[in-house]
Amino acid sequence: MHRREFFSQSAAWLTATAALQLTGCQLKPALPETADWQQLRQGFKGQLLFPADPLFSRFAKAANSRFDAIQPALIARPVHASDVQLVLAFAWQFQLPLVGRCGGHNYAGYSSTQGVLLDFALMDQIELQGETAWIGAGAKLGDVYFQLSQQGRSIPAGSCVGVGISGLTLGGGMGMADRKYGLTCDALLEAELVTATGELLRCSAQQNSELFWGLRGGGGGQFGLVTRLKFHTFATAEVLSCHAYFQFEQALPVLNLWQHWSRQLPRELWSQAAFWWTDDQSKAPVLQIRVSSLGATKELQQQWATWLRRLPSQPFEQDVVLHDYVEYMLSDCAGLEMPQCKLPHQSEQGVLRRVAMAGSSDFFQGPLPKAGLDALLDAVQQRQQQGHGGGILLTLMGGAIRDLEHNDSAFAHRAADFCTQYLVSRPVGTTEQELQQADLWMGQMRRTMAPWSTGGAYLNYTDPLLSNWPQAYYADHYPRLQRLKKQYDPEGMLRFAQKIKED
């Protein structure tokens with residue numbers, strides 16, 4: 001190392017050490033010294049970024065700009081499982097806080113830290129072998145859809161192209177293909193995991209099967225850090241999408257009809273009802289009904305025509321469009337090259353917009369009665385009239401999601417008919433006070449809808465204000481997950497506010 005480079009690196013190490021000191025953690029036996037940082041640097045095959053590095057500020061940010069003020073002391077971007085083991089050992093030696101990040105969308109900020117940020121973005125390889133695909137933990141959904149579809153294959157997953165495949169899978173994974181092919185975690189065949197104690201394990205139904213059970217719906221960063229995932233893929237098909245938009249005063253009869261009609265749809269069809277509204281008090285919320293299919297276009301056309309005939313009033317706008325599969329899944333990237341189809345912190349060429357987000361959720365088993373619909377609509381109208389924007393999305397479940405039994409995976413909500421997301425998405429720079437107000441509103445929505453909900457909540461819509469989160473996320477699976485936590489992270493190395501507590 002040249003003299004100038006040495007002094008530059010020494011300054012970076014000192015800055016990182018000072019930042020770690022500010023975390024207030026109990027460190028043992030002491031903070032890392034220059035020799036310790038040098039040793040980490042020499043053994044690490046990926047990219048280590050210190051606060052003085054030019055790219056540090058870009059990659060320190062998560063997708064959710066709400067947590068931009070939380071700056072790591074070190075960003076480690078591994079390229080191999082051995083890098084993950086090395087950083088885990090380093091963090092363990094000095095008892096440094098450490099979190100993993102795949103996409104950075106967590107509503108509660110659990111993929112941000114003042115300690116060591118393990119950013120999996122460089123572990124994004126996607127390899128299709130026949131009908132199965134190995135996918136690196138840091139791959140984003142946009143790349144997954146694009147690369148697999150070049151060979152006519154895909155996996156059931158979500159609609160947000162910047163989401164990381166690992167976090168989505170480990171929390172369950174909902175999307176427009178789940179009624180036909182199951183949740184993302186249902187397509188998982190195998191996972192490679194570095195446990196909190198540094199052991200590299202392969203997990204499947206045949207090997208480390210109990211841990212494999214926990215990885216399918218038990219959440220990311222609880223038992224270790226996943227580095228690769230193996231999925232069963234399905235053959236792609238054209239996507240027929242149907243949309244209808246209704247004035248708010250039409251919402252009660254339309255929503256009531258939709259929830260009864262949609263539960264009878266064949267599993268090839270997916271559907272969602274959504275309310276969207278802005279801060280503008282003069283513009284009433286709009287109800288959007290969506291139905292889409294992978295193939296089965298004639299079936300959807302017939303169902304859609306039947307649905308429209310039964311409506312008490314017609315939509316003010318509707319469209320029916322046949323899409324190529326990859327065009328539909330990458331609709332957020334229209335006009336962009338794939339390197340641009342990412343958030344700025346995910347790629348130097350990424351141009352997608354970051355936002356400040358807050359969210360929560362409910363599950364409903366069976367249609368909402370009139371009292372429940374009235375309560376929902378009253379809450380939407382009240383928030384809009386107060387000048388606060390937001391969204392509520394009711395997504396149809398059932399179909400292939402129920403092909404697995406309740407105890408077949410850690411995902412605890414297979415019996416639900418609908419998952420409802422409460423969402424507030426604001427521009428970068430929105431004040432924390434405004435976002436905390438959004439948190440309170442979503443908590444109030446859960447209380448308002450509690451008489452009709454299951455009490456459950458979707459782990460991937462992490463709600464930091466849930467007081468009963470073990471039961472809401474995991475239901476009766478929580479004791480079994482506690483035993484896994486005790487086995488694979490006995491010292492609680494991987495920790496955050498809603499960490500599974502050892503049994």
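When reading the values below, keep in mind they use all heavy atoms of this one structure, side chains included, and skip hydrogens, waters and symmetry mates. Bear in mind the structure is a predicted one, so any value in this text is a computation, not a measurement.
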Nearest 0.5 Å, what's the [atom1]-[atom2] distance between [X] and [Y]?
X    : Y    : atom1 : atom2 : result
M338 : C333 : CE    : SG    : 5.5 Å
S149 : M329 : OG    : CE    : 10.0 Å
L330 : F146 : CG    : CZ    : 8.0 Å
L481 : K501 : CG    : NZ    : 13.0 Å
R426 : N64  : CZ    : CG    : 13.5 Å
L459 : W469 : CG    : CH2   : 9.5 Å

Evaluate the side-chain contact (heavy atoms from CB on, under 4.5 Å) criterion for residues F231 and L189: first the C-alpha distance (whole Å), next the side-chain angles of each, then the deciding distance (0.1 Å), finally the verdict.
CA-CA 5 Å; F231 294 96; L189 299 174; 5.9 Å; no
Let's go through L494 and Q222 carefully: what are the C-alpha distance in whole Å and the side-chain angles of both, what is the deciding distance for side-chain contact (heavy atoms from CB on, under 4.5 Å) to 0.1 Å, and is it a yes or a no?
CA-CA 6 Å; L494 300 172; Q222 294 284 7; over 6 Å; no
Give every residue pair that meets the ring-ring contact (aromatic ring centres under 6.0 Å, His included) criterion with at least one member in residues 174-230, sequence neighbours excluded.
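Found Y181-F234, W213-H477.
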Taking the side chain as every heavy atom from C-beta outward, state whether [X] and [Y] have any atom pair closer than 4.5 Å.
X    : Y    : value
Q114 : P97  : no
L376 : I392 : yes
T395 : T420 : no
T233 : T132 : no
Q85  : L88  : no
M357 : V424 : no
Y458 : S360 : no
D463 : Q498 : no

Name every donor-acceptor pair, under 3.5 Å, that has one atom in a side chain of residues 159-176 and the other anywhere in the protein, sequence neighbours excluded.
| unit_1 | atom_1 | unit_2 | atom_2 | d |
| --- | --- | --- | --- | --- |
| T169 | OG1 | I165 | O | 2.7 |

Distance-minimising heavy-atom pair for [X] and [Y]:
X    : Y    : result
D143 : K342 : OD2-NZ, 2.7 Å
I75  : R77  : CG2-CG, 3.8 Å
G46  : D83  : N-OD2, 3.0 Å
L393 : A274 : CG-CB, 4.0 Å
F44  : L86  : N-CD2, 3.5 Å
F120 : V226 : CE2-O, 3.7 Å

Verify, without hydrogens or angle tests, whether [X] (side chain) and [Y] (backbone) share a donor-acceptor contact under 3.5 angstrom.
X    : Y    : result
D279 : H388 : no
S65  : D68  : no
N208 : R202 : yes
K61  : S57  : yes
T195 : E199 : yes
N468 : A472 : no
D53  : F56  : no
R353 : P427 : no
Q147 : V144 : no
S209 : Q206 : no

Does the salt bridge (Lys or Arg N to Asp or Glu O under 4.0 Å) test come out yes or no for R228 and D124, once each step is laid out?
CA-CA 9 Å; R228 293 197 305 157; D124 62 350; over 6 Å; no
Would [X] and [Y] count as having a side-chain donor-acceptor pair, cut-off 3.5 Å?
X    : Y    : value
Q38  : T34  : no
R290 : Q272 : yes
E127 : Q129 : yes
H232 : D186 : no

May I have the step-by-step check of side-chain contact (heavy atoms from CB on, under 4.5 Å) for D489 and T197, ending in yes or no?
CA-CA 7 Å; D489 187 13; T197 56; 6.0 Å; no
Relative to each other, are the rings of Y474 and Y478 parallel, tilted or perpendicular (30° and 60° limits)?
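Because their plane-to-plane angle is under 30°, the rings of Y474 and Y478 count as parallel.
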Specify whether H413 and F363 have parallel, tilted or perpendicular ring planes, treating 30° as the upper limit for parallel and 60° as the lower limit for perpendicular.
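H413 vs F363 ring planes: parallel.
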On the six-membered ring of W270, is R179 placed so that its NZ or CZ lies under 6.0 angstrom from the centre and within 45° of the ring axis?
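Geometry flag: not set, cation outside 6.0 Å or 45°.
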Does R383 count as lying over the ring of W441, i.e. NZ or CZ under 6.0 Å from the six-ring centre, within 45 degrees of the axis?
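Yes.
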Report the C-alpha separation of E190 and W134 in whole Å, then their side-chain angles, then the decisive distance to 0.1 Å, and conclude whether the side-chain contact (heavy atoms from CB on, under 4.5 Å) test is met.
CA-CA 9 Å; E190 191 171 346; W134 274 105; 3.9 Å; yes
May I have all residue pairs that pass side chain to side chain donor-acceptor pair (under 3.5 Å) and include part of residues 103-113, sequence neighbours excluded?
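Every side chain to side chain donor-acceptor pair (under 3.5 Å) pair that includes a residue of residues 103-113, provided the two are not neighbours, is R101-S112, N106-T462, Y107-Q421.
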Salt-bridge contact [X]-[Y] (side-chain N to carboxylate O under 4.0 Å):
X    : Y    : result
D408 : R414 : no
E192 : K230 : no
R41  : D36  : no

Crowding at CD, Q433 (>12 non-hydrogen neighbours, <6.0 Å)
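It does not: Q433 CD has 12 such atoms or fewer within range.
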Inspect the surroundings of CD in E432 and state if more than 12 heavy atoms from other residues, nucleotides or ligands are less than 6.0 Å away.
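Check passes, neighbour count above 12.
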Ring-ring centroid check W37 F50, cutoff 6.0 Å
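They qualify: ring centres under 6.0 Å apart.
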Does the separation of the ring centres of F59 and H345 fall below 6.0 angstrom?
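No.
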